[in-house]
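Accompanying notes for the structure given below.
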Number of protein chains: 2
Amino acid sequence: MSAVPERCLDCLVRDTALCSAMEDQELVALSAIGRRKIYPGGQVVTWSGDPNSFCANIVTGVLKVTASTPDGREQIVGLLHPGDFVGEPFAEEAPLTITAVSDTDLCLFPRESFQRTMDEHPRMEKLLLRRTMASLTQAQQRLLALGRRNAGEKIAGFLIDLCDRMAPDAEGPVEIDLPISRGEMADYLGLTIETVSRQLTGLRRDGVVSFEKGNRHFRVLDRARLEHLADPE
Amino acid sequence: MSAVPERCLDCLVRDTALCSAMEDQELVALSAIGRRKIYPGGQVVTWSGDPNSFCANIVTGVLKVTASTPDGREQIVGLLHPGDFVGEPFAEEAPLTITAVSDTDLCLFPRESFQRTMDEHPRMEKLLLRRTMASLTQAQQRLLALGRRNAGEKIAGFLIDLCDRMAPDAEGPVEIDLPISRGEMADYLGLTIETVSRQLTGLRRDGVVSFEKGNRHFRVLDRARLEHLADPE
DNA sequence: CGTGAGCTTGAATAGCTTCAAAGCCGGTGG
DNA sequence: CCACCGGCTTTGAAGCTATTCAAGCTCACG
């Protein structure tokens, strides 16, 4: 009988990824089929249309999930962070392209083995169901943003969401590092890079945010105003 | 010991709704907590923000699921048909507004009882997971449409999807009844009612579709062209 | 110090929306 | 059976927002 490997017991996401639904001794089953792999930033993890061989947990790093039109227009449909689950355990063909935004450490599972393991561990399956439901609700909120909000509202909403994720309970001015480039913000919000840039300089000019140490690092000076811009009534 | 009621055994969606994952004898558990209710077209089933008390299966009819901004802009994030599951079993508060588009017959379950029943019937839970994953993939494809496609592509794609749903394996000209109004198409595609109207007359003028017997009934004359308009390369 | 990728800024344009009015169609009542 | 009403839809003209195209800028890195 095999033991739970060290890489699981002291894993950074032991208590936030799907494995959090498992007792230590159950981890044997998952760890037996999982292996770690690091993808450098910019590298593609899965191409849309390829055979769908893997699922994964993110240990460190950020992934973007993208859909595109045949003529090359791109839409980022999701950004995934440490602890998040990656993939579609039931599709034969990968529906979307997945790319590492920064260097990313994944705990990979062959899709079919993962399905079997899930069958034997209902608590993990239940947790995956809850998370998938939550992802769906989030995607639905984003449908509203893409379909009905204008550029300013999209940008403000994006920054608010970032704050909530990075510093859920901060009071004063919040400092944030953007995980993605201007071009990726554009692909996330259904805008062009130029529109993103103009909206951000607008916010800076109005004193709502300030940028520092390069244009990836910024500070929210007036959160109330930002919230009002994101959701005007 | 109670028996499975007639309304379940000869239910129209016995083999397509979540119940299809259950043996006849298991249905006792579900039928014990479910009750049928008919909502007339136009009536709201759940308001976003209300306590999330119910889930349901659709027996007949069509529902729309909408999200809106505080100032009243609306986005249809999903259309649901007979056999589809409705609701979010894990949220305390309903995240979205659900409205009957046509007269709709629902098989309603109190949310908490439904959760318990699901715990005891893993096959049903598994089916719900599969369907939720599929809904997520569909929502992600719609994010691409809303974020990156123009009005003509949105309309063409919508009509193609309708054809695939209504007549998956038809060859010649397909006849379709639109389940929704122009205004609802606009809210589904992130457009205005006027733009939807203009695009549709454009398609008619170009001989791609024809409208008959009122503007809810149409015929696809040139599917190849419609597909090309939906996904140009 | 030079180079290049990523970002910003400006001007012109296109596409969708807004505002306004007229048309169509189904249902109701005379 | 026909006239009228009201909601939905179509059409037109004007306006505005975001895109496109084109420079120039910044900054990290060799």
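In the text below, chain A, chain B and the rest are named by the order of the sequence lines, each starting its count at 1.
Bracketed by its first and final contacts, the part of DNA chain C lying under 4.0 Å from non-hydrogen atoms of chain B reaches from dC16(C) to dC19(C) in 5' to 3' order.
Residues satisfying the side-chain hydrogen bond (donor to acceptor under 3.5 Å, both in side chains) criterion with Arg36(A), sequence neighbours excluded, are Asp105(A). By the side-chain hydrogen bond (donor to acceptor under 3.5 Å, both in side chains) test, Asp187(A) pairs with Arg148(B), sequence neighbours left out. With sequence neighbours left out, Phe211(A) forms a ring pair (Phe, Tyr, Trp, His ring centres under 6.0 Å) with Phe218(A). Under the rule for a salt bridge (charged side-chain N to carboxylate O under 4.0 Å, His left out), the partners of Asp231(A) that lie at least two apart in sequence or sit in another chain are Arg149(A). Here Arg182(A) pairs with nothing under the salt bridge (charged side-chain N to carboxylate O under 4.0 Å, His left out) rule; sequence neighbours left out. Residues passing the ring pair (Phe, Tyr, Trp, His ring centres under 6.0 Å) test with Phe54(B), sequence neighbours excluded: none. In this structure, Asp50(A) has no salt bridge (charged side-chain N to carboxylate O under 4.0 Å, His left out) partners at least two apart in sequence or on a different chain.
Within a 6.0 Å sphere centred on CD of Gln138(B), other residues, nucleotides and ligands contribute 12 heavy atoms or fewer.
Residue-to-nucleotide proximity on DNA chain D shows that, of Ile180(B) and Gly214(A), the 5′-proximal contact is made by Ile180(B).
Where the helix from dC1(C)-dG30(D) to dG30(C)-dC1(D) starts and where it ends, the local axes point in directions that differ by 30°; five pairs per end, rounded to 10°.
Within the structure, the salt bridge (Lys or Arg N to Asp or Glu O under 4.0 Å) test picks out the following pairs touching residues 150-160 of chain B (sequence neighbours left out): Arg73(A)-Glu153(B).
Across all strands, Ser197(A) comes closer than 4.0 Å to base atoms (heavy-atom distances).
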Report all interatomic pairs (protein N or O, nucleotide N or O of nucleotides 14-23 of chain D) with separations under 3.5 Å.
residue: dA18(D); atom: OP1; partner: Ala151(A); partner atom: N; Å: 2.8
residue: dT19(D); atom: OP2; partner: Thr192(A); partner atom: N; Å: 3.2
residue: dT19(D); atom: OP2; partner: Thr192(A); partner atom: OG1; Å: 3.1
residue: dT19(D); atom: OP2; partner: Thr195(A); partner atom: OG1; Å: 2.4
residue: dT20(D); atom: O4; partner: Arg198(A); partner atom: NH2; Å: 2.8
residue: dC21(D); atom: N4; partner: Glu194(A); partner atom: OE2; Å: 3.1

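Whole-Å rounding puts the Leu178(B) CG to dT9(D) C1' distance at 13 Å. Across the protein-nucleic acid pair, Phe211(B) atom CZ and dC8(D) atom C1' stand 14 Å apart, rounded to whole Å. One can place CD1 of Ile193(B) at 14 Å from P of dG7(D), the figure rounded to the nearest angstrom.
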Please report, to 0.1 Å, the donor-acceptor pairs under 3.5 Å made by any side chain of residues 86-101 of chain A, with sequence neighbours excluded.
residue: Glu88(A); atom: OE1; partner: Phe90(A); partner atom: N; Å: 2.7
residue: Glu88(A); atom: OE1; partner: Ala91(A); partner atom: N; Å: 3.3
residue: Thr97(A); atom: OG1; partner: Ser48(A); partner atom: N; Å: 3.0

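Side chains of Val45(A) and Leu106(A) form a contact here, defined as non-hydrogen atoms less than 4.5 Å apart.
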